Structures are given as C-alpha cells and as structure tokens.
Amino acid sequence: MNGVRAIIVLEILLPVLLLVFGVYHGVLQVLYRAGIIKDMSFLGIEYYQGLTLHGVINAIVFTTILIVAFGNIIFWHLLKKPLRFGVQLLGFLLMLVGTLMAAWAMFTGKANVLYTFYPPLIAHWTFYLGAALLIVGSLVPFFFDWLPNYFAWKRENPDKKVPIGVYGILVNHIMWTIMIVPVVIEVLFQLLPLSLGLVNEINPSLARTLFWAFGHPVVYFWLLPAYTMLYVMLPKFVSEKGALFSDGAARLAFILFLIFSFPVGLHHQYTEPGITNSYKLIHALFTFGVAVPSFLTAFSVAASLEYSVKAQYPNLKNSLFGWWAKIPYLSTDGDKWVVSYYMAGLFMFLIGGITGIVNASYNLNLVVHNTAWVPAHFHTTVGGLVTLVFLGMSLFFLGRLTGREVRLKALAATAPWLWFVGFAIFNVAYSVAGIEGMPRRTNMGPSYSNPESPIFAPDWTLEALAGAVGGTLAGIGFVLFMISFVATLFSSKVREGSVDFPVAEAYHDERMPALQKLAPWVVFTSILFLVSYIPPLYDVTKRGVFFDSPGYNDKNPLPITKPQTAKEEEKERASVE
Ligand code: HAS
C-alpha cells in the first residue's frame, strides 16, 4: 500500500479503536449516575479517572486525529496533489506519542483532572506534554502539506475558486491554529510549571479564561469537518444526481464561523466571579451570532436534500414535504448505508442547537449551568452529529483506502439509529433532571442515587434510570458499528485501495469574490478575538498574573504544592500595588 495511504489508515484505526475505551467509560458513567454502580471505582478505574478517559478520548483524541485524516483525504482528492510521506509520518508519530503519554498519565490515575483540566487540580506533567504533542502533530500536515499544496493550486488556477471541501478544511485548521494560542499559554506558563514543581501557585481564574478562549472555538473545530462532508458528500450519497444547493451559502457559513467562534468563551463562565458582567453579556450576544451559520447550514442542507431527492424522483417535483420520505434513511444499497449516520446526526443536532441557545442565554444559563442539562446538550452536538458523521466516514474511508467492501452493512446502517434513540432518551431524561437540579460530573452511585445515603435524592431516580437505558442503547449501537468496522478491516481486498469520495457539484454556484481571499478575514478575526479578551484578561489578572492558589489532586484535600506564606503574600501584594 502507498505509504501516505497507510498512514491515513492508521489515523483512522487509532482513534476508532481508542473510542472503545471512551464509549465503555461513557456507559459506566450512566450506570454510576443511576446508582447501578454504587462504588467509587469499577474494575480498578476510579470514577473521575474514568470520566477523564471518557472526555479526553472522545472529545480530544478521537476528534483531533480523525480531523487530520479527513483533511488529508479531502486535500489529496480535491486538489489532486500528492501528500509528502515524511510530513505525514512526522505528524502521525507526534500525535501517537502525545496520545500515549497522556494515556499513560490517565490510566495510571495521575491525571484525574477531566478533559477541561481546571486548576488548581494538577495532573502529572506527561498529561500536559502529551496533549501538547497531539496538538503539534495535528498542525504538521496543515503547515507542510495542505498550505503548500493550496498555494501551488492557486498559482496554477488563478481564476478558479478553491473547491468548497478544501475551503472548509482550510478555514477549520486556520481556526485551530488561532484557538490553540491561549491554551498553549495556559499549559506552558501555568500548568506545566506547577506540575513540574517549578512554581508553587497558580491563578485558576486566568487559567479558566484562557482555557475557554480555546474551549468554545474547539467545538467548531469538531463541527466544521462534519459540515464540510455534509456539503460535499451527503447529496451524492443520497442520490446519484445529488447537488449542493448553494456554494456561496456554504462558504459564507465557514467565514461566519471563523469570525464568531472566538469572542464567545465567556458564556462558559457566566457564573464565575471576577469577570465584569458587561463583558459576559457581549460574549452572550456574539454567541447568538455563532448560531447563525448553523441556521444557514440547516437551510442549505435541507435544500440540498430536497434538490437531490427531487432530481432522482421527478414525479415529486411539486411535493412540499413528501420528498422527505424518499431519503434513504436505512438502506444497504451501495454506499447509502452512510446516509443513516448523517441523518441521525442531523436530527440530533437540531436538539443540540436549541439547547445550546438556551445555554447561551445569560439568565437561562443560571438554571442549567453545571447540571445534567449540559451533558444532555453536548451528547447531541459533539456526541451526536460530529461523532456519527466521523464514525460513518471512518468506515466509508476504511473501505475505500484499503480496497475493501464495507461488511455487514445492515448492522452499519442500524448502528446510528440505535445511537440516536439512545441519546434521545438520554437527552430528555438529563435535560429534565438538569432543570430539577441534578448536578453534572458527580458520582451519584454512592450518594444521590443510593437510598442508603443521607443525601439520597428520589426525585432524580427516574431520570437517572432513563439516562442509563439511553446510554446503554447508544453503547449497543456503537458495538454494532464496531462489528461492521472490524469485519471490514479483516475482509479480503476486492479492488485497489484509493483516496476518493463522491463530490456534489453546486446547484447555485455564486462567485462571491469577497469570500475568496481568506487573509483579510483571518486578520479581522484575530483582532476581534484579541479585543474581546483584553478586558476579561485584565479582570482576572488584577490580583496578580501567576499566583492565587496552590495545586491539588483528587486524592487528598491538602495542597500538593506549597502555599505562599503570609510574608510572601504581603511582598507580592506590595509589588502588584
Ligand atoms: Fe455548546 C457547553 C452554547 C454548539 C459542545 N457545548 C458545551 C459543552 C460542549 C459543547 C462539549 O452558551 C460542555 C463544555 C463543558 O464541559 O463545560 N453550543 C452553544 C451554542 C451552540 C453550541 C449557542 N456545543 C455546540 C457544538 C458542540 C458543542 C456544535 C460540539 C460539537 N454550549 C453552549 C454554552 C455552553 C455549552 C453556553 C456552556 C453551558 C454551561 O453553562 O456550562 C450553537 O453553535 C448551536 C447552533 C446550532 C443550531 C442547529 C442547526 C441545526 C442543524 C441541523 C439541521 C437538520 C436537518 C435535518 C436539516 C442553530 C444544522 C432535518 C430535520 C428536520 C426536523 C426538518
């Protein structure tokens, strides 16, 4: 097999296989919370250790490595320019070593800090360095393969628009490059020094602000590759005559994401003291702005589906809603099994979008923040559309790249619908429970869901049990997917492997020259990001930039680093004043 193709196959295999652990710990979560597991640990893995593994593997590792794999495939196929073996190998090895380092820290219980790694909780330094290597590795193909190929293509085709698939992936990785700046500052100047014992204290407010300056844009880093594939591939999977309704609307959506993904992070910090309310309100307003490109996408995708179905069934030309019934929701015909992943994901994302807008509303957020509502929201966004499209396309590309026919298509097509039904139940149950005050990130097994505990909360029992049923069903859906995935991997080759996929032409192909040059939009975005963060960063550093709290871990209420003495504190205060 061609070396680069082999690396891309590894970039698909590694995250999908790791997801087995991630999903396993997800199912354990709902069992703990329903009181079916009443302990602090299960099979040697503690509650918060399992929750860290669940979040880090599913939200960080699975997404990042697959996004690189999809980017490689899309650039290679659409620009028809080969990728460089050395660059790809370096990128993959960095991501692999980073993942292994972080995995070691998590599996040995030295990094029970959850995927948000909020200080003053402190992990072993290998966790932070591992995460940093994963990020660096994910940038290597962008800087040394995609960008050079993009500029070469532009030189050869000065009058043409770059293909929309390349445009989407490019915007996404530009966003990625910008958003990692704050989290790199947090890791390099705050977390690593404390973890290595070079300093004694950390400023948690500053760390959280830097984290969320990265932590909200990152959700769009996960989403945009799914949107790119929705635009480019879904219409063709639905029907041979499928087309993207509007190329211009898709490009506009990507640019709006570039602008609005950044000045929004404070919507995760509405309840935090130390940041002036008016800045939070400004971020709230921008958050409504970032919903606009998703509304635009809902319209574009629905219009593309309508066009694609009607092109195949001309007798439905005047049908207002009847054409919805002709979408191949559950089909094993050719590659149509993959449509199940897109459609189940889209239905989930509709709910994820609505709950996101509730979260963003400053006053409503006070009701749902830190409750079970929040996991209900993100299991229909990153755990819904993103995961389903990524899983479906991993299986599709595994078949294409290795020259194998996808096996057990009936299982593969059913899997996303079980996932959908499971998370629909989970979503309703956890949303209701959240409004009733059920907390997130809490081991309810020995506490709220345990009738023998003094803090037993019978009001949440039904919702917690329904959540367990939903989470388990979704887990079974994942098992069906894995059976088809493994059967495909170990089946015999039926053709030469190739890097290709169906590409939908645009029905409306608007020129929109203002969207063709990305540089001005990138400059504007960077300035807006900076301006929207200067005041809150000033707020959280008023009492000092680097000091506030000693470090802790989850094992002991005593600090693991030395707190300042009264004398030192006095000296520091004097220097700030
Ligand atoms: Fe979010 C918390 C606000 C989108 C992920 N979010 C989270 C967390 C995660 C996450 C992981 O404002 C938890 C973080 C933590 O651990 O603390 N989110 C939003 C808003 C949006 C949004 C306004 N989130 C996402 C996406 C995610 C994601 C996308 C991952 C990929 N979120 C928040 C807020 C919080 C938050 C607060 C903090 C909560 C707190 O207090 O802690 C918007 O971008 C959503 C816009 C989406 C739409 C939907 C468009 C619909 C489409 C489907 C069309 C369907 C079709 C099919 C065509 C407007 C595109 C046909 C269907 C028919 C029925 C006809």
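Below, all heavy atoms of this structure are taken into account, side chains as well, without hydrogens, waters or symmetry copies. One-based numbering, in listed order, for ligands and for the atoms of each. Note that the structure is a prediction, hence the values are computed from the model and not measured.
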Next item on the list: Would you mind telling me which of Glu510, His508, Arg251 makes a side-chain hydrogen bond (donor to acceptor under 3.5 Å, both in side chains) with Ser246?
Entry: Glu510

Next item on the list: Starting from atom 17 (O) of ligand 1, find the nearest protein heavy-atom neighbour and note its residue, name and distance.
Entry: Arg440 NH1, 2.8 Å

Check: With distance as the sole test, does Tyr128 use its side chain to make a donor-acceptor pair with the main-chain N or O of Ala123 at under 3.5 Å?
Finding: yes

Note to self: I'd like to know whether ligand 1 has Tyr270 as a neighbour, heavy-atom separation below 4.0 Å.
What the structure shows: no

Check: Between Phe286 and Phe262, is the gap from one ring center to the other below 6.0 Å?
Finding: no

Item checked: Check: Thr276 side chain, Tyr279 main-chain N or O, donor-acceptor pair, under 3.5 Å -> no

Notebook entry, point to check: Are Tyr430 and Thr371 close enough that a side-chain donor and a side-chain acceptor fall under 3.5 Å?
Noted result: no

Check: Under 3.5 Å, is there a donor-acceptor pair between the side chain of Lys310 and the main chain of Ser319?
Finding: yes

Check: Do Ser331 side-chain atoms and Asp333 backbone N/O form a donor-acceptor pair below 3.5 Å?
Finding: yes

Next item on the list: Could you tell me whether Asn365 approaches ligand 1 through its side chain, its backbone, both or neither, with non-hydrogen atoms closer than 4.0 Å?
Entry: side chain

Next item on the list: Step by step, work out the side chain to side chain contact (heavy atoms under 4.5 Å, CB included) result for His173 and Ile67.
Entry: CA-CA 9 Å; His173 248 71; Ile67 289 168; 4.1 Å; yes

Checklist line | Element-labelled atoms of ligand 1 that are located less than 4.0 Å from some non-hydrogen atom of Tyr115 | finding: 11 (C), 13 (C), 14 (C), 15 (C), 16 (O)

Next item on the list: Please work out whether any backbone atom (N, CA, C, O) or any side-chain heavy atom from C-beta onward of Phe288 is under 4.0 Å from ligand 1, and answer side chain, backbone, both or neither.
Entry: neither

Note to self: For atom 2 (C) of ligand 1, which of the options His268, His283, His379, His267 provides the nearest non-hydrogen atom?
What the structure shows: His268

Margin query: Residue-level breakdown please: for Leu346 versus ligand 1, do any non-hydrogen atoms fall below 4.0 Å on the side chain, on the backbone, on both, or on neither?
Written below: both

Check: For ligand 1, which atoms, with element, lie under 4.0 Å from some heavy atom of Leu223?
Finding: 29 (C)

Check: Leaving out waters, which are not shown anyway, how many protein N, O or S atoms lie closer than 2.8 Å to atom 1 (Fe) of ligand 1?
Finding: 1

Next item on the list: Could you tell me the residue and atom name of the protein heavy atom closest to atom 45 (C) of ligand 1, and the distance to it rounded to 0.1 Å?
Entry: Gly353 CA, 3.7 Å

Next item on the list: Determine whether Phe260 and Val292 make a side-chain contact, defined as any pair of heavy atoms from C-beta on separated by less than 4.5 Å.
Entry: no

Check: Does the ring centre of Phe21 sit less than 6.0 Å away from the ring centre of Phe107?
Finding: yes

Next item on the list: Look at atom 29 (C) of ligand 1 and say which protein heavy atom is nearest, naming residue and atom and giving the distance to 0.1 Å.
Entry: Phe349 CE1, 3.6 Å

Check: Can you tell me which residue and heavy atom of the protein come closest to atom 62 (C) of ligand 1, and the distance to 0.1 Å?
Finding: Phe347 CE2, 3.4 Å

Check: For atom 61 (C) of ligand 1, which protein heavy atom lies nearest, and how many Å away is it?
Finding: Trp324 CH2, 3.4 Å

Checklist line | Ala360-ligand 1 polar pair, N/O distance under 3.5 Å | finding: yes

Margin query: With a 4.5 Å cut-off on side-chain heavy atoms, are Tyr342 and Met393 touching?
Written below: yes

Next item on the list: Show which atoms of ligand 1 fall inside a sub-4.0 Å distance from at least one heavy-atom site of Val382.
Entry: 30 (C), 31 (C)

Check: Counting only heavy atoms not in Glu436, do more than 12 sit closer than 6.0 Å to its CD atom?
Finding: yes

Notebook entry, point to check: For atom 50 (C) of ligand 1, which protein heavy atom lies nearest, and how many Å away is it?
Noted result: Ser294 O, 3.7 Å

Note to self: Within ligand 1, which atoms have a heavy atom of Val386 less than 4.0 Å away?
What the structure shows: 31 (C)

Check: Relative to the heavy atoms of Thr287, which atoms of ligand 1 are at a distance of less than 4.0 Å?
Finding: 23 (C)

Note to self: Just to verify, what does Ala504 make a side-chain contact (heavy atoms from CB on, under 4.5 Å) with, not counting sequence neighbours?
What the structure shows: Pro235, Lys236

Notebook entry, point to check: Taking the six-membered ring where the residue is Trp, are the ring centres of Phe396 and Phe501 under 6.0 Å apart?
Noted result: no

Check: Tyr227 near ligand 1, heavy-atom distance under 4.0 Å?
Finding: yes

Check: Can any side-chain N or O of Thr52 pair as donor or acceptor with the backbone N or O of Leu114 at less than 3.5 Å?
Finding: yes

Next item on the list: Would you mind telling me which of Trp323, Tyr313, Tyr507 makes a ring pair (Phe, Tyr, Trp, His ring centres under 6.0 Å) with Tyr307?
Entry: Tyr507

Next item on the list: Please examine the side chains of Phe211 and Thr209, heavy atoms only from C-beta on, and report whether any two atoms are closer than 4.5 Å.
Entry: no

Checklist line | Under 4.0 Å to a heavy atom of Val374 - the qualifying atoms of ligand 1, by number | finding: 13 (C), 40 (C), 42 (O)

Check: What protein heavy atom sits nearest atom 21 (C) of ligand 1, and how far off is it?
Finding: Tyr220 OH, 3.6 Å

Next item on the list: May I ask whether Trp212 places a heavy atom under 4.0 Å from ligand 1?
Entry: yes

Checklist line | Minimum-distance protein heavy atom relative to atom 42 (O) of ligand 1 | finding: His369 ND1, 3.1 Å

